[in-house]
Protein chains: 2
Amino acid sequence: MEIRELRYFVAVAEELHFGKAAERLEIAQPPLSRAIARLERQLAVTLLERTSRRVTLTAAGAVLLSEARSILSAVAAAERRTQQAARSRPRLVLAVKSGTVGELLAKLLDAYRAEPGAATVDLLLCEAHQQQELLQNGQADVALLHLPFDSVAGLDTEALYTEGQVAILPASHRLARRSRIRVAEVAAVPELPMARWPDRGGNYPEGPGPEVRNLTQLFQLIALGLTTVIIPESAGTDLRPDLAAVPVSDAPPVTTVIAWPSQSRLRAAADLIRVATRL
Amino acid sequence: MEIRELRYFVAVAEELHFGKAAERLEIAQPPLSRAIARLERQLAVTLLERTSRRVTLTAAGAVLLSEARSILSAVAAAERRTQQAARSRPRLVLAVKSGTVGELLAKLLDAYRAEPGAATVDLLLCEAHQQQELLQNGQADVALLHLPFDSVAGLDTEALYTEGQVAILPASHRLARRSRIRVAEVAAVPELPMARWPDRGGNYPEGPGPEVRNLTQLFQLIALGLTTVIIPESAGTDLRPDLAAVPVSDAPPVTTVIAWPSQSRLRAAADLIRVATRL
DNA sequence: TACAGCGATACCCGGGCGGTATCGATCGGC
DNA sequence: GCCGATCGATACCGCCCGGGTATCGCTGTA
């Protein structure tokens, strides 16, 4: 089994169409058919059921698709990390999404810079759902994630900071004067439907609330009295004066964790993680 | 970068000798030299420093070695799991080491067998240090591990059972009548030096105690008044009459966890894990 | 200084990868 | 019900690359 064969198989398994897959791979269709056939022969397993009209994955094919994706990620990561290690001045890529506790991040970077032999830290600002992938394929070395929202499968983590959540409301709203509130109460306000965030594919779930992409947009809509949201405390400090934050008593606490690929052996990453856990 | 090239690189990086590595790979030395040179050219990175007298790894080479090992494991796992998925009757390999809570294991297997669509579970009895590797390269799907002894890097786990530890002593020993004991007291008995277990390489650490490989051996030596050991409670039940178990008050508690590779997508494994967490 | 050890280089051969042309099966439209 | 379009498989060809042998060149040692 070779990497090229896995790349070919993933293309076919995703397109479910040899012609399209060949186009994506920038090769002709016949060599692709042969490569898949050879892969099947070597494994002694049928990966795809094909008629001349449709191509479908077998159960074994579905397993290999998932395995192959993670192998290809690991290969890309290996290439990046090897080249990174060859640089004289090491760099470390830290993936954070907007909304990450600014104060915590500043303290972490300051503390790390004071370390002897500290690498240059590049901040990679990204969307929440990209972080896992960035770590897996080596585009980032370390990330700050938020439990219980972000998935940490395949990652090692250390908890840094736990906080409650607050509801952000128009300052003039009747609920804005409450000292505490419950999730159900926020959800039950018909004139303030909860904002909707895009999923991985960039699509929005169905619902009455407005579609938003970032906190600035969101705060503007809340100030206009059009929506509301429940977010971690630290993201709701230093609000504009026409907004109010009310602690939500029964929202799950949010934990900021530092995460890295579990097989990571980078000196610089280990240093940063050690510094982070001592904060 | 191809799998074959990674296999070649790992061989050279481990042997630090092109000739030996070529022999191990069952190819001639010149193609091996060329393959490594090509890999270095493609990555634009020097992986090995070679004089005609010695070969050494560069920092980048050390990184690639570690990455390559895990990629090769992942490839082996992918092959095994794909072939497994192609079988009509799914099988599930559960890696356990001797000494694992027998009662817990029996309950788990019974409960799982009662599930609809349960796979055949094969028990793979192994040494503690093999389990991680068996899961990573796909020879096992699920394992029972013991924290804090076993490493769980790269694995997902669920805690099943926590218990204290006991010291196993000859029934006639003066400490055997105690109701509780401390680690320091056990360690301070000069006539009963703690038994030594082999490490990953099968070598024994230095020390005064006897070398042992399994509990049966060990119990025999304890009965002869030659050694002692501190083990989880459950491994010290139903002892032969000439042995006694004394709870050790300050030994760390041992947690039995069920562990699986974090990217695992096996139906049968998920079922087994679900059943286990409900026990 | 001569020799042994070891990686690199030169050169050759064969298999396999990728290309084009075409077949054969299947499904949809008229 | 037949024809044509679609799409994967097959046949055949050329070339690159992987693997082999022979040999070179450097280095450390006796």
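If you're wondering where the values come from, they're calculated on a predicted model, not measured in any experiment. Letters A, B, ... mirror the listed sequences (proteins, then strands); counts begin at 1.
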Checklist entry - Of the candidate nucleotides D:dG20, C:dG7, D:dG19, which contains the atom at the shortest distance from the side chain of B:V55? => result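 For B:V55, the side-chain atoms sit closest to C:dG7.
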Checklist entry - Which of the following nucleotides, D:dT21, C:dC6, C:dT20, is nearest to the side chain of B:H17? => result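 Between D:dT21, C:dC6, C:dT20, the one nearest the side chain of B:H17 would be C:dC6.
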Rounded to whole Å, how long is the line connecting atom [atom1] of [X] with atom [atom2] of [N]?
| X | N | atom1 | atom2 | value |
| --- | --- | --- | --- | --- |
| B:L32 | D:dT21 | CG | C1' | 16 Å |
| B:I36 | C:dC6 | CD1 | C1' | 15 Å |
| B:E26 | D:dG18 | CD | C1' | 16 Å |
| B:R7 | D:dG18 | CZ | P | 13 Å |
| B:Q29 | D:dA22 | CD | P | 14 Å |
| A:R4 | C:dG16 | CZ | P | 12 Å |
| A:F18 | C:dT26 | CZ | P | 16 Å |
| B:R54 | D:dT29 | CZ | P | 8 Å |

Give a yes/no on whether any side-chain N or O of [X] is located under 4.0 angstrom from OP1 or OP2 of [N].
| X | N | answer |
| --- | --- | --- |
| A:S33 | D:dA9 | yes |
| A:R50 | D:dC7 | no |
| A:R34 | D:dA11 | no |

Checklist outcome for this item: Of all heavy-atom pairs linking A:N137 and A:R80, the shortest is O-NH1, 3.2 Å
Item to check | Ion pair check, A:D150 and A:K97, cut-off under 4.0 Å | outcome: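 A salt bridge links A:D150 with A:K97.
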Item to check | Check ion pair B:R50-B:E40 (N to O, under 4.0 angstrom) | outcome: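 Here B:R50 pairs with B:E40 in a salt bridge, since their nearest N and O are under 4.0 Å apart.
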Item to check | Worked verdict on A:R24 versus A:E14 for salt bridge (charged side-chain N to carboxylate O under 4.0 Å, His left out) | outcome: CA-CA 11 Å; A:R24 187 169 121 188; A:E14 285 179 355; 2.7 Å; yes
